[in-house]
Engineer: 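Would you mind keeping the following structure in view while I ask a few things?
Chain letters run A, B, ... following the sequence lines, proteins first, then strands; residues in each count from 1.
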Amino acid sequence: MKRIFVILSFLILLFYIWQIWKDYNRPYLVYQKEFKELLKQKGGGEAELDDVKFVVRQRWLEKLNRVDRCETCHLGVEDPRFVDAPQPYTTHPDADKHSFERFGCTVCHGGQGLATSVEDAHGPTEDWYKAISSDNFLENSCSKCHGDFIEQEAPVLAKGRTMFKEYGCRGCHNVQGLERVKVAPPLVKIGEKVKIDWLYRWLQNPQMYLPETKMPNFQLTKEEAADMTRFLIPRVRIKDPDNFEGGSYARGKRILSESRCVTCHSFEGKGGDIGPDLAKVSSKVYPEWLFEWIKNPQAMRPDTLMPAYGFSDQDIRDLVAFIVEEYIDLELEDDVIQQNIQFVESANVGRGKELIEKYGCTGCHEIEGVEDRGEIGLDLTAIGDSHISRMDFGMIEVSHEERTVPNWLYNKMKNPRLFKAGLKMPDFTFSDLEAEALTTYLMSRSKEVVPASYHLHLGERPSDYNPQGEFGEILDNYRCLVCHTINGRGGDLAPDISIEGSRVKEKWLKDFMKTPYAIRPILVERMPRLKISDSEVETLYSYFRTTLVDDRVEKLTGSVKEMSLKDPEVISLGKDLYYNKYACNACHQVNLKGGTIGPDLTSVGERLRTEWIVYYLSDPKAFLKRSIEPVYDFTEKELEALTAFLLSAKEKK
Amino acid sequence: MSKRILIILCSIFFTPALIWFSAQVVSGSDDDHTERSGFLLPQKHSTNLTREQLRGKELYQYYCALCHGRTGKGDGFNSFNMSVPPADHTDATVMSTLSDAQIHQVIKEGGSSLGRSPMMPPWGRVISDSEINTLVAYIRTLVTSGK
């Protein structure tokens with residue numbers, strides 16, 4: 001009996017000793033000892049070595065309500081000598097903007113700041129679900145302080161944000177503060193637009209027809225696709241498609257190339273990506289619809305990017321004739337088409353409607369006869385805060401360390417029906433990088449609030465520039481802002497025209513609008529010939545000249561007048577500077593001689609106002625931030641001479 | 001008395017062991033039904049370049065590649081229009097004769113600052129000194145052969 005008690009008390013003693021030993025021999029002590037060794041090798045002085053105390057080092061970030069003990073092991077983060085040292089001692093790269101004093105570690109990286117063991121700090125562990133963000137998703141934290149418009153500094157996050165909008169995710173998922181916009185074409189009167197067999201094939205796999213489409217694959221069976229097609233196109237078409245009064249193939253071909261449709265549309269892989277590829281379009285749409293569409297696309301779809309060209313009816317008929325004959329799907333066989341149509345005609349309209357309601361097609365499309373029941377998917381307002389227990393991994397076995405919210409989201413993006421068969425979310429066939437970008441954006445959707453003193457909004461809020469009246473109407477009609485930017489709003493395919501009135505001359509602009517050409521020699525001609533009327537060009541120019549100007553250019557008028565720009569001596573000095581001292585011809589051409597990076601400068605005096613030339617030469621980056629022109633520090637005299645030479649550089653005939 | 005204590009002790013030691021064992025058996029039988037396929041982990045974006053060199057690469061592709069070429073061979077699309085061909089940054093014999101300071105100077109102050117062609121413009125007012133350092137670091141990685 002006694003012996004049992006002796007053994008027991010001995011065991012208890014051992015247990016206590018073990019506990020005390022465990023407390024003294026914390027895992028971080030190993031790292032601190034190793035760090036001290038490393039510091040000695042790096043030539044740390046006596047005093048510095050004494051400074052390395054074997055303790056838990058913590059930062060209390062009162063305003064962020066965080067306590068970070070990461071530097072207990074990550075001892076070299078602030079020391080530039082540890083750039084090449086292995087983890088956990090490596091120097092933190094680019095730490096100058098985010099001081100450790102103010103930000104600590106976990107506000108950006110995540111993880112458990114209070115923990116002092118590798119597993120607990122990095123996670124995930126049983127009781128701690130927020131593991132540190134993997135490098136792939138790190139940018140999700142940026143928006144906490146830098147707001148929702150951060151662009152260059154967090155490219156992955158910005159890409160995710162754009163994708164979320166463009167792929168119409170908001171149609172099925174609620175996110176507070178984001179407007180629900182139907183991103184896809186309305187399907188009202190779809191029967192007058194597309195052919196039955198095309199819609200049937202499209203629904204089965206949209207990428208078969210248009211590889212770059214944003215429409216996801218719903219993985220429908222043939223029967224389901226047929227039912228949906230039958231509902232969307234209920235009646236068999238009465239009009240005979242061959243009845244369309246055609247035009248001239250040859251003339252249509254010429255109009256298509258003159259109008260530079262290729263700037264936005266690609267044909268068999270060559271061309272722009274603003275509009276859809278048209279290589280097989282005649283297997284999709286009816287010619288009558290195409291006619292109406294080209295005549296006034298904006299009447300059929302107010303949010304289209306396509307400009308309303310000023311074509312005559314005959315022009316359009318010729319264009320349609322050419323498109324219908326040229327852009328057909330050669331692999332499509334007539335008897336297959338007939339079989340498909342017959343299959344669709346025997347399908348079930350009621351089931352088609354049910355399917356359309358089930359899959360939430362109304363999230364992106366407006367559909368006649370189907371009630372939009374709002375978002376059918378999960379609310380994503382605070383998806384980044386989700387607890388891992390809310391994420392259903394289904395029957396897929398995932399090891400403990402890999403069970404994290406971002407990993408779940410990443411897999412959901414890559415394969416939406418992975419965790420359970422028969423889910424509604426369709427397959428967008430995202431690449432790895434796209435899935436990472438979206439996951440990063442989703443992880444940034446969080447309710448965590450940082451104090452206002454930490455806010456530093458980066459990037460630009462979308463501009464609300466929206467001119468009214470006659471000018472606004474022209475801008476809207478020709479969809480100028482799809483390619484050009486004015487005051488921060490618009491596309492980046494074509495030059496920013498925010499101060500065009502200070503830049504170009506009246507006569508040049510009027511000629512250019514009639515017959516546009518490429519100002520840069522290597523660019524293919526992209527500005528469409530819009531068939532714009534004289535009075536519209538007049539309106540454009542008068543708006544440019546009064547509103548889209550820059551005082552820094554306008555104020556130069558006085559000093560330009562004093563320059564002796566016609567003096568042959570000044571001109572020849574300019575020529576010398578142009579060719580010999582500054583070698584402008586490395587990038588610019590005059591009369592087809594010189595480089596092809598910058599615009600052609602032949603007869604540049606007819607295009608640009610003299611004030612603009614002087615202004616631009618003195619600081620090319622003042623207006624065009626992204627210009628790749630080097631900045632020279634020209635003297636007054638050199639400016640005068642170069643301007644004089646440029647004005648004299650006329651076309652040799 | 002001692003028997004009772006023994007029984008208590010035994011149950012204290014054996015119960016956890018039993019629980020542990022049965023847990024093993026249960027989780028083991030689970031394995032047979034689950035599948036692992038299809039779950040992907042985000043891949044590390046591997047690169048041989050340091051952060052500094054990567055920044056330099058960005059700048060190089062934006063400002064330099066038009067003449068010096070995307071891979072630094074001096075074959076950018078604009079090189080064919082120039083009377084003096086752009087430097088080939090992959091050529092080890094030429095590049096080894098240039099010090100970092102010289103490359104830095106040519107980028108900052110242009111070719112004419114070292115008595116070379118003014119076709120190489122000065123970038124000092126466009127690209128900062130520290131950015132030029134990243135460019136130099138990247139240009140050093142372009143050397144491929146000893147030709």
Engineer: Given a strict heavy-atom distance threshold of 4.5 Å, which part of A:Tyr410 is in contact with chain B: side chain, backbone, both, or neither?
Structural biologist: side chain
Engineer: Side chain, backbone, both or neither: which part of A:Asp633 has a heavy atom under 4.5 Å from chain B?
Structural biologist: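 Both parts, backbone and side chain.
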Engineer: Need one label for A:Asn407: side chain, backbone, both or neither, based on atoms under 4.5 Å from any heavy atom in chain B.
Structural biologist: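 Both parts, backbone and side chain.
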Engineer: With a 4.5 angstrom heavy-atom cut-off, is it the side chain or the backbone of A:Phe137 that approaches chain B, or both, or neither?
Structural biologist: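 When you check distances to chain B, only side chain atoms of A:Phe137 fall under 4.5 Å.
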Engineer: Show me, pair by pair, the donor-acceptor contacts under 3.5 angstrom made by side chains of residues 591-599 of chain A, not counting sequence neighbours?
Structural biologist:
unit_1: A:Asn591; atom_1: OD1; unit_2: A:Lys652; atom_2: N; d: 3.1
unit_1: A:Asn591; atom_1: ND2; unit_2: A:Lys650; atom_2: O; d: 3.2
unit_1: A:Thr596; atom_1: OG1; unit_2: B:Asn78; atom_2: OD1; d: 3.4
unit_1: A:Thr596; atom_1: OG1; unit_2: B:Asn81; atom_2: ND2; d: 3.1

Engineer: Just by distance, do the side chain of A:Glu139 and the backbone of A:Val156 share a donor-acceptor pair under 3.5 Å?
Structural biologist: yes
Engineer: Checking B:Met82 against chain A: side chain, backbone, both or neither under 4.5 Å from a heavy atom?
Structural biologist: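 Contact with chain A: side chain only.
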Engineer: Can you name the one residue among A:Val398, A:Asp392, A:Asn411 that meets side-chain contact (heavy atoms from CB on, under 4.5 Å) with A:Phe419?
Structural biologist: A:Asn411
Engineer: Side chain, backbone, both or neither: which part of B:Tyr62 has an atom under 4.5 Å from a heavy atom of chain A?
Structural biologist: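 Both backbone and side chain.
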Engineer: Identify which part of A:Thr439 has an atom lying under 4.5 Å from any heavy atom of chain B, answering side chain, backbone, both or neither.
Structural biologist: neither
Engineer: If you draw the axis of the six-membered ring of B:Tyr138, does the NZ or CZ of B:Arg55 fall within 45° of it and under 6.0 Å from the ring centre?
Structural biologist: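 Verdict for B:Tyr138: no cation-pi partner in B:Arg55.
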Engineer: For the rings on A:Tyr578 and A:His588, is their centre-to-centre separation under 6.0 Å?
Structural biologist: no
Engineer: Ring centroid separation for A:Phe623 and A:Tyr615, is it under 6.0 angstrom?
Structural biologist: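 No; A:Tyr615 has its ring centre 6.0 Å or more from that of A:Phe623.
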